[in-house]
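All remarks here apply to the structure that follows.
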Amino acid sequence: RLAFAAGPAAASNALPDTEIERVVTEEIGKALDAAEAGAAVAVRIDGRTLYFNFGWADRAERRPVTSDSLFNLGSLSKLFDVTLLSLAVQRGDIALDDPVAKYVRELQRGRDIRAVTLDQLITFTSGFSVVADNPPWWPAVHYDLPKFLQHLRNWRIDKDFARGRQY
């Protein structure tokens with residue numbers, strides 16, 4: 001699995017979608033063997049967002065990457081998450097003490113997940129974990145978004161866990 005990030009660029013002079021797709025496909029082809037791995041790419045340009053998918057989300061199951069594929073990006077995703085969260089806090093759009101369920105409507109009817117705050121998520125003190133958080137790191141269970149939301153809604157915190165204080 002592969003992740004790329006890019007920042008603002010000069011004006012694109014309204015490149016057609018087909019040209020953007022050609023460039024993305026060419027660049028991904030340099031870094032990814034789509035027969036062996038997969039990638040999902042989003043390009044934000046000229047006020048529009050384009051999505052491109054390559055290779056396999058699960059090669060063994062012959063499940064291709066789609067716009068709905070979820071990727072376990074490991075430690076790399078933390079950089080994106082904390083950066084975006086920090087910017088939103090700085091702008092006053094959200095507060096670290098806000099419960100996650102305030103922003104994810106599907107969690108408002110959940111059990112213990114309703115009390116988990118954004119701060120607890122980014123400091124790993126919420127008590128929540130999934131199978132992929134523990135060895136062997138690649139679980140037999142593969143979550144799509146509806147399954148993951150259901151897992152979150154049903155989750156119960158360990159009664160001895162010191163939420164907000166314990167890693």
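Owing to the predicted nature of the structure, the values given are computational and were not obtained by experimental measurement. Basis for what follows: all heavy atoms, side chains included, without hydrogens, waters or symmetry-related copies.
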Side chain to side chain, [X] and [Y], heavy atoms closer than 4.5 Å:
X     : Y      : value
Ile28 : Val41  : yes
Phe52 : Val43  : yes
Asp17 : Arg48  : yes
Leu96 : Ile122 : yes

*Verify the distance criterion only: is there a donor paired with an acceptor across the side chains of Arg153 and Gln150 at less than 3.5 Å?*
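Yes, a side-chain donor-acceptor pair sits under 3.5 Å.
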Atom pair [atom1]/[atom2] of [X] and [Y] - distance to nearest 0.5 Å:
X      : Y      : atom1 : atom2 : result
Gln120 : Thr125 : CD    : OG1   : 5.0 Å
Arg63  : Trp56  : CZ    : CH2   : 10.5 Å
Asp68  : Tyr51  : CG    : OH    : 10.5 Å

Considering non-hydrogen atoms only, spot the tightest contact between [X] and [Y] and give its length.
X      : Y      : value
Phe161 : Ser126 : CE2-C, 3.8 Å
Pro64  : Ser69  : O-OG, 4.0 Å
Ala39  : Leu32  : CB-CD2, 3.8 Å
Val65  : Ala40  : CG1-CB, 4.0 Å
Arg111 : Trp155 : CB-O, 3.6 Å
Ala95  : Leu118 : O-CD1, 3.5 Å

Using modelled atom types and a 3.5 Å cut-off, is there a donor and acceptor pairing between side-chain atoms of [X] and backbone atoms of [Y]?
X      : Y      : value
Gln108 : Ala101 : yes
Arg22  : Thr25  : no
Arg91  : Ala88  : no
Glu61  : Asp58  : no

Linking I/L/V/M/F/W/Y whenever any side-chain heavy atoms sit under 4.5 Å apart, do [X] and [Y] land together?
X      : Y      : answer
Leu145 : Leu121 : yes
Leu87  : Ile94  : no
Leu15  : Leu50  : yes
Val23  : Ile20  : no

*More than 12 non-hydrogen atoms from neighbouring residues, nucleotides or ligands closer than 6.0 Å to OH on Tyr103, yes or no?*
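Buried by this count: over 12 neighbours within 6.0 Å.
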*In terms of the angle between their ring planes, are Phe148 and His151 parallel, tilted or perpendicular, with boundaries placed at 30° and 60°?*
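Parallel: the ring planes of Phe148 and His151 meet at under 30°.
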*CA sep, side-chain torsions, deciding dist, call: Asp98, Thr117, side-chain contact (heavy atoms from CB on, under 4.5 Å)*: CA-CA 5 Å; Asp98 288 343; Thr117 67; over 6 Å; no
*asked:* Here's a test for you: under side chain to side chain contact (heavy atoms under 4.5 Å, CB included), which of Asp112, Ile113, Val104, Val100 qualifies with Leu152?
replied: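 Output: one option passes, namely Ile113.
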